[in-house]
Structure formats: structure tokens, C-alpha cells
**Q** 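The following block contains the structure, expressed as C-alpha cells.
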Amino acid sequence: MIKKVLVINGPNLNMLGKRPKEHYGSLTLNDINELMIKEADNKLELEFYQSNSEGDIVTKIQESLNLDAIIINPGAYTHTSVAIHDALEMFTGEIVEVHLSDVDNREDFRKINFIRSVATKTFSGKKEYSYLDAIKYLKDMK
Ligand code: DQA
């Protein structure tokens, strides 16, 4: 049963609300976190972490290997980070990759994805609903 979940957001996701709305919607990260808490309905224990630094995200994953699940939107590091891939590879729980935008149908450079192969599930292209789908997915897991 999934209980303790770490939600990681990578670079520039602290700026949601100011980023192009056609891709990322109009909510702030705080708005999205509050929606996730509501959706979790006390069935999941959520911890939120945001960083603009690759190394800090790697360290946070290393410190969280005992948790049940990680929901991660690595932002631009999705397309560049072998280091985040390698850190996630050590995690034995569920890894849910999330994107607000439809990364597979944008610029070619966003089709390169270092995270997909270590994720157990991906939700993308549904703006804030991608995160809420991730919560539902983990909540329904027996
Ligand atoms: C993103 C997509 C990435 O390509 C981009 O660099 C981001 C956000 C998304 O949520 O759609 O910062 O991960």
C-alpha cells in the first residue's frame, strides 16, 4: 500500500503562473500542491520539494529511498539529466513522471527523455490534471 509520497518539481516550476499558459496552465505551484492535498484525501502523506538545481534533486532522491512513491516533474532536466535518472534507478517504490505539457508532441529536444525508462507510470499533457491523475493512480494502488 502506498502511503508516503515525495512530490519533486524541478527547475522553473516555482514560476508557474508566469510561464506560457498554453503549455503550463495558469495555476501556481502552490495552487497545484493544494489541489493534490485535496485529491489525496488523507490517504497519502505528501511531502513537497522544489529545486532549480540538479544536484539538490539528486541528493533529495538519495535521502528518500525509504518512501513508497515519488511523483516527479523534472522540468527541463527530463531531457538532460543522467544524474536524476541514476538516482531514481535506486528507488524501489513507484516513480510517477508528470508533465503539465505534452512533452512528446512539442519541440524535438523535448522528445529526448532520461526519466521515462525508470518511471513506472507517466502522466503528461493535462496541465494540473496530470498531477491529480498521479495522485489518483497512487491512491488506487492496493
Ligand atoms: C515540463 C516540460 C519540460 O519540457 C519543460 O522544460 C518544463 C516543464 C512540463 O511540465 O510540461 O519545465 O516538464
Side-chain angles (χ1 to χ4, degrees), residues 2-141:
I2 306 287
K3 190 74 192 160
K4 290 191 176 186
V5 182
L6 172 65
V7 182
I8 300 177
N9 279 286
N12 295 307
L13 291 161
N14 56 318
M15 300 305 283
L16 287 177
K18 293 186 163 63
R19 298 188 68 187
K21 295 191 181 359
E22 67 272 24
H23 291 304
Y24 305 119
S26 52
L27 299 187
T28 65
L29 187 56
N30 211 35
D31 294 335
I32 294 176
N33 291 349
E34 280 174 15
L35 290 176
M36 291 175 89
I37 291 169
K38 264 192 205 145
E39 186 63 53
D41 195 23
N42 287 320
K43 294 188 176 73
L44 302 174
E45 232 174 80
L46 301 181
E47 177 189 346
F48 296 99
Y49 179 79
Q50 191 279 328
S51 174
N52 294 322
S53 305
E54 184 177 25
D56 289 347
I57 294 171
V58 167
T59 300
K60 185 67 184 174
I61 294 167
Q62 290 175 358
E63 290 168 353
S64 306
L65 297 180
N66 58 320
L67 301 186
D68 300 316
I70 291 178
I71 295 174
I72 183 163
N73 182 349
Y77 290 142
T78 308
H79 319 296
T80 63
S81 182
V82 176
I84 293 175
H85 165 281
D86 289 354
L88 288 172
E89 197 174 48
M90 287 183 277
F91 188 78
T92 54
E94 289 289 318
I95 299 171
V96 186
E97 176 196 3
V98 161
H99 301 283
L100 297 140
S101 68
D102 184 3
V103 283
D104 300 316
N105 289 296
R106 293 181 61 189
E107 303 95 325
D108 280 348
F109 67 82
R110 291 184 209 274
K111 295 191 177 100
I112 300 164
N113 189 321
F114 287 91
I115 305 304
R116 188 77 41 95
S117 65
V118 286
T120 43
K121 186 82 184 168
T122 298
F123 295 101
S124 73
K126 290 176 70 183
K127 302 201 168 76
E128 62 271 18
Y129 296 101
S130 302
Y131 288 88
L132 300 182
D133 283 353
I135 294 286
K136 280 183 204 151
Y137 171 75
L138 292 176
K139 224 172 49 173
D140 290 348
M141 217 159 219

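In each ligand, atom 1 is the first atom listed, and ligand 1 is the first ligand listed. The first residue of the sequence shown is numbered 1, and numbering continues consecutively from there. As the structure is a computational prediction, the values presented were derived from the model and not from experiment.
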**Q** Could you list all the side chain to side chain donor-acceptor pair (under 3.5 Å) pairs where at least one residue sits in residues 28-38, not counting sequence neighbours?
**A** Thr28-Asp31
**Q** Extract all donor-acceptor atom pairs below 3.5 Å that involve side chains of residues 10-22 and protein atoms in other chains or at least two apart in sequence.
**A**
| unit_1 | atom_1 | unit_2 | atom_2 | d |
| --- | --- | --- | --- | --- |
| Asn14 | OD1 | Gln50 | NE2 | 3.4 |
| Arg19 | NH2 | Tyr24 | OH | 3.4 |
| Lys21 | NZ | Gly17 | O | 2.9 |

**Q** Are the side chains of Asp102 and Ser124 in touch, meaning some heavy atoms are under 4.5 Å apart?
**A**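 Of all side-chain heavy-atom pairs linking Ser124 with Asp102, at least one is under 4.5 Å.
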**Q** Output the set of protein residues with a heavy-atom contact under 4.0 Å to ligand 1, ordered first by chain identifier and then by residue number.
**A**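 If the criterion is a heavy atom under 4.0 Å, then ligand 1 touches Arg19, Tyr24, Asn73, Gly75, Ala76, His79, His99, Leu100, Ser101, Val103, Arg110.
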**Q** Checking salt bridge (charged side-chain N to carboxylate O under 4.0 Å, His left out) against Asp104, which of Lys111, Arg116, Arg110 comes through?
**A**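 For Asp104, the salt bridge (charged side-chain N to carboxylate O under 4.0 Å, His left out) check succeeds only for Arg116.
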**Q** Can you sort out the partners of Glu47 under side-chain hydrogen bond (donor to acceptor under 3.5 Å, both in side chains), two or more places apart, ordered by chain and number?
**A**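 In terms of side-chain hydrogen bond (donor to acceptor under 3.5 Å, both in side chains), with neighbours along the sequence ignored, Glu47 is linked to Lys60.
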**Q** Is the shortest side-chain heavy-atom distance between Leu88 and Phe114 below 4.5 Å?
**A**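 Leu88 does not reach Phe114 side chain to side chain.
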